[in-house]
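To keep things clear, I will list the structure first and then write my remarks on it.
In this text, all values refer to a predicted model and were calculated from it rather than measured experimentally.
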Amino acid sequence: MKIEFLHTEPDNTRLILVYTGWSAGPETGRGISLPGWDVAVVHDFSDLSLDTSFLDRYYTVYLFAWSLGVFAAHATLPADRITAAFAINGTLTPVDDLHGIPAAIFNGTADGLNERNLMKFRMRMASDREAYNRFMAALEEELGEERIENLRGQLRNIAGAAERRVQRQSLPWVRAYISKHDRIFPPENMHRAWRHEDDTEIVELEASHLVELREIVRMVISDPVKVSEKFSKASISYDTHAIAQYSAAIKLADMLRGMNPATEGNLLEIGCGTGLFTREYSRFIKPRLATFVDITETGPFGIAAEEEYVVEDAERWIERQRREWDVIVSASAIQWFADIPRFLHECHRHLRSGGVMAISTFLPGNMEELDALRPSPLLYPKAEQLREWMSRDFCDVEVREDEIRVEFRSAREMLMHLKHTGVGGSAPSSRLSIKDMAHLRSLTYRPVYVVGRKG
C-alpha cells in the first residue's frame, strides 16, 4: 500500500486519514482541507502492508475509509491510534454474499478485467455521466495491460486477505455511511453488516457508490472558522434566543457550586461566548485571574480582578499551556471538539490538586427533529462515554442527563432560533429552509452536565 500526504504543517497534531477504494488514488482526498489538520491518503492494494509509524506524531486521527478501503483499514491500522473511524460504502467482509460484494461478482470482476470492463465498473460507481467524468478527469492514470494486471492483482489480494479473515482489534467505527443507490456494495448487505456493530451509527445517503469524501468530512469535523463566523453573527441576538442554553447554564452552575470550588483562585472558561454561563457562576466564584478562551472575540465580563481573553481553537491552545488553574469550566461548547477525551485529559493536567472541572455538552438525539433533514448531525458523546473519560483522571465524577423542549409558533420562528443562536455552526443544519421545516414546531435539546475533581 502507498501513502501520500496532501497537506502537512509542522505544528499539526491532528490527521485526516483517507483510505480510498480500488482503482482510485490520492485524488479522492483532494479538496479536503481544515485548519490544524494534516491530510493523507492511503491507496493501492498491491499488498496489504503499511508502515504506520507516521501516526506517532498525531494526537488525534480521524479515519475516512471508502469502499474496499474499509477492509484495508481494518487489516492494516492499529486501533489504539485511531480516534474515530468512518466507513463509507464498504464493510469489514468485502467478499461476502450477505455482508459485502457477492463472491461471484467480486471474482468475476477480477477474472474478466480489461479496459472496457473497468470503464463499466467505474460508470456503475457514479450517479451519472457528469459524476463519472469528474472522477475520470481527476485520475492520474495510464491504462494498459500492466495497469490492468496490477488492478486484477489488487482485487485478488483483497479476496485472499478476506478469506483468511484478518483478525485485528476493531477500529472505533463511529458511523457507517450507506448510499441508497450503491451498485457496487448492495445497500442491504451493508445494512446487515453494520447492524451488528453496537457502537456504529448507520447513516443513509441519497447517493451512489462514488461520493464526495470532502462533503462527508465537512459533516463530521467542524470547521472552526465557519463556526466562529456563525457565532459572531449570532452574538448580538444569542442571549435572547438561547432558551435551552440558559436553562443548561443554570443547572451546570448549581452542580459546580455543589463541588465547593475555590472561590478566589484562578479560573479558565472554555467557549464563554456571550457570558451566559459566566454570569451564573460569578454569583459565587470571584477569581483573582479569569482566562477566557473562545474561537470568537468575547467579553469583557468584569468578574475577576484580572482577566485575559484568547481568541483561538481551545483544543489546540490548551495543549501548549504550562500553567495551572483552580477551576476549569465549559458550557455548551465541547460538542464542536474533535477529541473530547484528550481535551478532558489536558484539562486534568492543567488543574491544581483538588481543582474542580464542570462542563456541559449534548447527547445523541439532540435536536433530533432535524435529523431527517440533515444527513449527519454532530458527533455527540453518550453519557456513559463521558463518565468513562472523566473517571480516567478525575474523582467525585457526577453526570446528569437532561431534556429541554423548546416550542415554536412557526417554522420561521424555529429557523430564526437556529440562526440567532448559531447552533447550526458548520453543520448541515445551516442549510435548512422554512420549506424543509414546515411540519416542525419544536426542538428537543438533550444537555448533559459533568463535574469532577482532581485528586
Nearest-0.5 Å distance, CD of residue Glu27 to CZ of residue Arg30: 6.5 Å
Exceeds 12 heavy-atom contacts within 6.0 angstrom, atom CD of Glu146: no
Distance-only donor-acceptor check, side chains Ser179 and Asn89, under 3.5 Å: yes
Distance, nearest 0.5 Å, that separates CD1 of Ile16 from CD1 of Ile221: 4.0 Å
Chi angles and distances behind the salt bridge (charged side-chain N to carboxylate O under 4.0 Å, His left out) call for Arg446, Glu368: CA-CA 9 Å; Arg446 302 191 188 282; Glu368 63 188 358; 2.7 Å; yes
Backbone N/O of Gly31 and side chain of Arg214: donor-acceptor pair under 3.5 Å: no
Arg349/Glu346 under salt bridge (charged side-chain N to carboxylate O under 4.0 Å, His left out): CA gap, chis, key distance, verdict: CA-CA 5 Å; Arg349 189 165 67 87; Glu346 286 294 304; 2.6 Å; yes
Other residues, nucleotides, ligands: >12 heavy atoms within 6.0 Å of Arg320 CZ: yes
Arg412 CZ: over 12 foreign heavy atoms closer than 6.0 Å: no
Between Tyr19 and Phe64, ring centroids under 6.0 Å: no
Side-chain donor-acceptor pair present, Ser46, Asp44, cut-off under 3.5 Å: yes
Contact check, side chains of Ser360 and Gln245, non-hydrogen atoms, under 4.5 Å: no
Verdict with supporting geometry, Leu118 and Leu151, side-chain contact (heavy atoms from CB on, under 4.5 Å): CA-CA 9 Å; Leu118 178 61; Leu151 289 173; 3.8 Å; yes
Centroid-centroid distance, His345 to Trp389, less than 6.0 Å: no
Derivation of the salt bridge (charged side-chain N to carboxylate O under 4.0 Å, His left out) call for Arg400 and Glu398: CA-CA 7 Å; Arg400 292 184 190 173; Glu398 184 179 359; 2.7 Å; yes
Beyond-backbone contact of Asp96 with Ile101, side-chain heavy atoms, under 4.5 angstrom: no
Validation row, ring centre Trp22 to ring centre Phe121 under 6.0 Å: yes
Ring-face cation contact, Tyr59 with Arg342, 6.0 Å cut, 45° max: yes
Thr200: side chain to side chain contact (heavy atoms under 4.5 Å, CB included) partners, not counting sequence neighbours: Trp173, Ala176, Trp194, Glu197
Side chains of Leu443 and Met414 in contact at under 4.5 Å (non-hydrogen atoms): yes
No-hydrogen, no-angle side-chain donor-acceptor test under 3.5 Å, Glu403 and Thr444: no
Side-chain touch Phe45/Thr20, heavy atoms, less than 4.5 angstrom: no
Straight-line distance of Tyr380 OH to Phe362 CZ, nearest 0.5 Å: 7.0 Å
Among Ile318, Leu351, Val329, the one residue meeting side-chain contact (heavy atoms from CB on, under 4.5 Å) with Leu268: Ile318
Interatomic spacing from NZ in Lys120 to CG in Leu113 - rounded to 0.5 Å: 12.0 Å
Note: Arg134-Asp128 ion pair, threshold 4.0 Å (strictly below): no
Point-to-point distance, once rounded to the nearest 0.5 Å, from CD of Glu315 to CZ of Arg14: 4.5 Å
Residues, nucleotides or ligands: over 12 heavy atoms within 6.0 Å of Asp199 CG: no
Full working for side-chain contact (heavy atoms from CB on, under 4.5 Å) between Glu388 and Arg392: CA-CA 7 Å; Glu388 178 195 345; Arg392 294 174 187 174; 3.3 Å; yes
Distance in Å, Arg175 CZ paired with Ile88 CD1, rounded so as to fall on 0.5 Å steps: 11.0 Å
Test log, rule salt bridge (charged side-chain N to carboxylate O under 4.0 Å, His left out), inputs Asp111 and Arg152: CA-CA 7 Å; Asp111 294 341; Arg152 182 183 293 112; over 6 Å; no
Flag, side chain of Ser208 to backbone of Met125, donor-acceptor distance under 3.5 Å: yes
Ring geometry between Tyr445 and His417 (parallel below 30°, tilted from 30 to 60°, perpendicular above 60°): perpendicular
N/O donor-acceptor pair under 3.5 Å between Asp97 side chain and Pro102 backbone: no
